[in-house]
Amino acid sequence: MSTSPPMRLRFAPSPTGYLHVGGARTVLFNWLLARKNGGTLILRIEDTDRARHVEDSVKKILADLRWLGLTWDEGPEVGGAYGPYFQSECLPHYYAAVQRLLECGDAYYALETPEELAAMRERMKDQPGGFKYPRPDPLPTIEQGLAARAGGRPVVVRFRMPGTDIRVNDDILGRVVLPAAELEDFVIQKSDGWPTYHFACVVDDERMRITHVLRGQEHLMNTPKHIALQKALGFNTPFYAHLPVIFNMSGSKMSKRDKERAIKRGEPPPEIDVHDFRAAGYLPEAVLNFIALLGWNPGDDRERFTLSELTEAFTIERIGKTNARFDREKLLSFNMDWCGRVGEARLLAALKDYLTVNARPAVNAGSEPDAAGAGPPPATASATLAARALTFGDDTLRRLLAICAGFKTFAQWLGKVAFLFMDDDAIEFDEKSVRKVLAASNGAGYDALAGVADRLSVIDPWTVASIQAAIESHMSASGLKLGDVAQPLRVAITGATVSPPIFDSLELLGKEATLNRIRRCQQTRKPV
RNA sequence: GGCCCCAUCGUCUAGUGGUCCAGGACACUGGCUUUUCAUGCCAGUAACAGGGGUUCGAGUCCCCUUGGGGUCACCA
């Protein structure tokens, strides 16, 4: 029988910043569908708004996609038979299509200035149904439009919407009918001659032979416009599927603005863009796995998926209709789990990526460089720590990863091992810890520290085994338990009661620094 | 506000008329393991928004209400 033509899907971001998690899920689903069906994934850059164009954002989006491991078959940097893949390079196509519509009367020049439109809107906003662009009667002729433009008037081209209801057959939502009364003659060409999103999108979907459009539900109301345009131009209508929206835990739509709001409140900005998750020390495996489950599920109890397992299990039928909240706690749990299952080599590589990204000055703090407006970000303490961690060899890093197993993000890992990179003088002894572990019971902890320090000071060579032997011999000589000795040591070397396993911690720190810190710690002892 | 979409534990979800006093995961609580923190293991609390129908039987189908969301640009 007739086989369906090869599936062609696209992801079409606009270069206004980093790749957002919502966008990431959209690409993921498109990628999965393409992979699953032997189709093609096209990456198209929708850069028709010169005002909102953000420098370097294409590069950033591509980098984020690569970090996630979501490759594209056609598009920037890889080319393809249906280029260009930047809309800014396709102006002649749009122009020709507009002309066609103009000539057959399906589009017309509209002469209102933005100011006039705003005034009309203001006047009509209280009418039942609100503002809807009133089609001029009679329509301006082509000659009138051209003349007005020549006279310096900003002239746009509007599409003449057919007066019929439009039905969208959505693969997720089913049949959705949009009443004609809701549809207005929308702009397809701006006064600067550039196409609007709707128009460029439709022309390119056709030009690139797109068969399936998988996009966020915020595009649902755009679809009737696209369908009407396709009909007027004699184009094919692809299959549409609109994905549920991703929310914050608060229930609001997850947006880049959340970061600015948090900063304004003096709170740490939440991760919103893919890059944020990378910089915060998440594994792409975990991010991908987690977002795949936002709006999709395999139908059974499985929750952990690699990209290829996802490809295997993914079907459009199992995409849900309900909006999903982005539960950071669950992501954290996924990430911890993935850190334990990707294997040593992969984990090390990911760690080094994390450290590298963070060792650079924090230019990546805001998704929109001009938005924070707070001046150049300072070189953060964590940037310094990351840079120092990077100076360690792979063997040490691997070992640090192993003894800290159970961390949720690399950022958390860095916090756990930070004491190793700090100057001895920079250790601040936490008052509560000192009181509890050292000063309590007439300074029993201080005594233990002094006793064990004597034994440590004569160790050579300085290894886990020799350190353990020294501590154990002090334990048996004094009758103390491991905790009685280990906790004072922890306070001495980290300033508080938490550290990786004590023998490893001491060995890694080195003999000199250890003794140094113990000495400094002993100075916190108050005379009785 | 108009139009459109959606509605199962706090969260992500399974459930496609009977096998559901609703299953899994995260979170939470308790216990065990443990040199600290964490991890790990075990157990527990917790949901079909409300009201009408249809049906022998409804979380599952229909309607209404309520609630949530999306969208109403010369942005994409």
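Just so we're on the same page: letters track the sequence lines, and every chain starts at 1. Computed from a predicted model, the values in this text were never measured in an experiment.
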Check this one for me: any side-chain N or O of Thr48(A) less than 4.0 Å away from OP1 or OP2 of rA76(B)?
yes
Among Ile246(A), Leu288(A), Asn30(A), Val287(A), which residue meets the side chain to side chain contact (heavy atoms under 4.5 Å, CB included) test with Arg25(A)?
Ile246(A)
Inspect the contact between Asp192(A) and Arg50(A) and indicate whether a charged nitrogen and a carboxylate oxygen are less than 4.0 angstrom apart.
yes
Please confirm whether any donor atom in the side chain of Ser333(A) sits under 3.5 Å from an acceptor in the base of rC26(B), or the reverse.
no
Can you give one letter per nucleotide of nucleotides 33-42 of chain B, 5' to 3': B if a protein heavy atom sits under 4.0 Å from the base, S if only from the sugar-phosphate, - if neither?
--BBBBSS--
Could you run down nucleotides 4-12 of chain B 5' to 3' and tag each one B, S or - for protein heavy-atom contact under 4.0 Å?
SSSS--BBB
OP1 or OP2 of rU71(B) less than 4.0 angstrom from a side-chain nitrogen or oxygen of Lys225(A), does that happen here?
no
Taking the six-membered ring of Tyr108(A), is the NZ or CZ of Arg158(A) close enough (under 6.0 Å from the centre) and on axis enough (within 45°)?
no
Those residues that, when tested against Ala200(A), pass side-chain contact (heavy atoms from CB on, under 4.5 Å) (two or more places apart)
Thr48(A), Gln87(A), Tyr94(A), Pro195(A)
Nearest-Å distance for atom pair CD/C1', residues Glu122(A) and rG1(B):
15 Å
Phosphate-side-chain proximity, Asn297(A) and rU13(B), N/O vs OP1/OP2 below 4.0 Å:
no
Salt bridge flag under 4.0 Å for residues Asp484(A) and Lys481(A):
no
If I take atom CZ in residue Phe334(A) and atom C1' in nucleotide rG24(B), what distance separates them, rounded to the nearest angstrom?
11 Å
Which label fits His212(A) and Phe239(A): parallel for a plane angle under 30°, tilted from 30 to 60°, or perpendicular past 60°?
parallel
